Amino acid sequence: MFSAASTPTRTQSRPEDRAGAILTVDLAALVENWRILKKKAAPTCDVGAVVKSDAYGLGLEPVARALHGAGCKTFYVAHLDGAITLRQILGPGPRIACLNGPNKGTERDHVAFKIIPVLSTPEHIQAWCAYALKEEVLAESIVQVDTGMHRLGLSAREFKALMNDADGFVGLHPQMIMSHLACADEAASPMNRQQLDRFRGFKDQFRTRFPDAKGTLANSSGLFLGPEWHFDYARPGVALYGVNPTPGQPNPMLPVVNLRARIIQVHRVDSPGHVGYGAAASVPEGAKIATVSMGYADGYLRSLSSVGVGVLDGIKVPVLGRVSMDLITFDVSNVPDSAAQVGGFIDILSNVVTVDDVAKAAGTIGYEILTSLGTRFHRRYLAASARI
Ligand SMILES: *Cc1c(COP(=O)(O)O)cnc(C)c1O
């Protein structure tokens with residue numbers, strides 16, 4: 001019998017042997033992607049890194065450390081807690097901006113941890129200025145304007161009202177004026193030029209009050225629209241992680257993520273039948289099915305049922321039947337028995353079936369595939385210095 005006292009306090013097996021799947025993040029490829037984006041931008045443009053949502057699911061700490069080590073000086077996160085964690089990881093040097101703005105009562109923490117808030121509403125600006133004046137601090141901020149997305153940012157009317165009010169921006173020390181593109185991944189969309197023109201209008205007016213304020217407009221795809229969209233600070237996220245910022249054209253980025261799921265059983269079907277929940281897929285006699293130890297709870301979306309594809313021994317293997325919470329069944333009938341073995345691994349994300357491919361099959365975007373990646377994988381990080 002086990003008693004609490006006899007429960008071991010440590011395991012004796014390797015974590016990679018316990019895990020159902022192994023996620024490998026190539027930090028050297030990540031850093032190379034950042035350099036590719038830097039080359040794309042004008043030398044005067046500060047190319048930062050958006051590391052919100054745990055660096056798009058790949059791990060804030062290793063990702064931020066690798067980019068910081070390569071010379072990245074500006075980081076963008078969504079929430080204050082992420083920003084504070086990042087400050088603790090990277091120390092006092094880099095600029096850290098918090099995209100979702102300062103919630104009421106958090107001004108003190110922004111200042112203490114040197115987090116630059118993105119101010120998107122008149123209330124943000126009013127509260128931030130009031131705090132700065134009361135505490136007599138010169139705290140940097142970013143002012144966001146809405147150029148057509150209607151998500152975050154001052155409307156033209158709100159901006160005008162603040163500009164016309166002599167006290168409107170008193171106490172403000174804006175580092176940048178910012179806006180966000182709605183359609184940057186569709187290079188032909190007229191929205192891109194429209195938002196650019198509006199942004200220029202805001203920026204020119206803003207600089208009559210704050211001549212040193214810089215501009216920031218481009219996300220990953222924005223960097224590929226052309227130099228006019230680059231301004232002083234670029235905010236790429238997804239391209240750093242290997243997702244194609246130019247859909248429909250060859251991917252200029254290197255793949256960063258590899259995910260392999262462990263085969264825990266191989267079935268040889270001895271009479272025609274069905275596979276998985278709902279008996280949703282049929283299999284003929286002689287079919288070979290490999291079941292892997294990963295499922296929708298690990299971010300392999302249930303919408304990939306019967307449409308997802310993995311790779312085993314260089315051969316594409318389709319998902320057969322419904323994706324379960326912790327299990328996926330693949331048709332490995334075309335794979336030699338020598339490779340379709342318990343203990344082997346099916347590539348879920350690889351150079352052959354990329355994040356973009358899986359996203360397309362699931363009816364979503366690479367962003368969602370990455371940020372859905374689960375917490376149960378054994379994670380390996382390939383060192384940034386491994387690639388010369
Ligand atoms: C997420 C985000 C980015 C990064 O976008 P990508 O498309 O991932 O490059 C940049 N700016 C803002 C405001 C964002 O919310």
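Throughout, numbering of the chain's residues begins at 1 and tracks the sequence. Read the numbers this way: they start at 1 and go in the same order the structure lists the ligands and their atoms. As the structure is a computational prediction, the values presented were derived from the model and not from experiment.
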Practice task
If you link ILVMFWY side chains whenever their heavy atoms are less than 4.5 Å apart, which other residues fall into the same cluster as Ile22? By chain and number, please.
Solution key: Phe345
Completion exercise
Within 4.0 Å of some non-hydrogen atom of Val238, the atoms of ligand 1 are 6 (P), 8 (O), 9 (O)
Practice task
Could you check whether the rings of Phe206 and Phe159 sit parallel, tilted or perpendicular, using 30° and 60° as the cut-offs?
Solution key: tilted
Problem - Per-atom contacts, ligand 1 versus Met178 - under 4.0 Å to a heavy atom - result: 13 (C)
Problem - Contact (N/O only, under 3.5 Å) between Gly237 and ligand 1 - result: yes
Practice task
Evaluate the side-chain proximity of Ile263 to Val292: yes if any heavy-atom separation is below 4.5 Å, no if none is.
Solution key: yes
Problem - Heavy atom of the protein closest to atom 7 (O) of ligand 1 (residue, atom name, distance) - result: Tyr367 OH, 2.6 Å
Exercise for the section: Check the pair Phe169 / Met163 against side-chain contact (heavy atoms from CB on, under 4.5 Å), numbers first and verdict last. Expected result: CA-CA 8 Å; Phe169 287 122; Met163 288 295 292; 3.5 Å; yes
Completion exercise
Looking only at protein heavy atoms, what sits closest to atom 8 (O) of ligand 1 is Tyr56 OH, 2.6 Å
Completion exercise
A student checking ligand 1 against Arg151 at a 4.0 Å heavy-atom cut-off should list atoms 15 (O)
Problem - Spacing of Thr291 atom OG1 and Phe330 atom CZ [to the nearest 0.5 Å] - result: 10.0 Å
Side chains of residues 104-120: which donor-acceptor pairs under 3.5 Å do they make with residues two or more places apart or in other chains?
residue	atom	partner	partner atom	Å
Thr106	OG1	Asn103	N	3.4
Thr106	OG1	Asn103	O	2.5
Glu107	OE1	Gly105	N	3.3
His110	ND1	Thr106	O	2.9
Lys114	NZ	Pro92	O	3.1
Ser120	OG	Gln144	NE2	2.9

Handout entry: Chi angles and distances behind the side-chain contact (heavy atoms from CB on, under 4.5 Å) call for Met294, Phe377
Key = CA-CA 9 Å; Met294 158 173 182; Phe377 306 134; 4.1 Å; yes
Problem - Shortest protein contact, atom 5 (O) of ligand 1 (heavy atom only) - result: Asn219 CB, 3.4 Å
Practice task
Indicate yes or no: does an N/O atom of Ser221 lie under 3.5 Å from an N/O atom of ligand 1?
Solution key: no
Handout entry: Which residue and heavy atom of the protein sit nearest atom 11 (N) of ligand 1, plus the separation
Key = Arg235 NE, 3.0 Å
Completion exercise
of all protein heavy atoms, closest to atom 1 (C) of ligand 1 is Lys52 NZ, 1.4 Å
Practice task
Just go through Ser220, Ala97, Ala49, Gly153 and tell me whose heavy atom is the nearest to atom 9 (O) of ligand 1.
Solution key: Ser220
Exercise for the section: State whether Asp46 and Lys214 are salt-bridged, where the test is any N-O pair (Lys NZ or Arg NE/NH1/NH2 against Asp/Glu carboxylate O) under 4.0 Å. Expected result: no
Practice task
Within a distance under 4.0 Å of any heavy atom of Pro236, pick out the atoms of ligand 1 and give their elements.
Solution key: 9 (O)
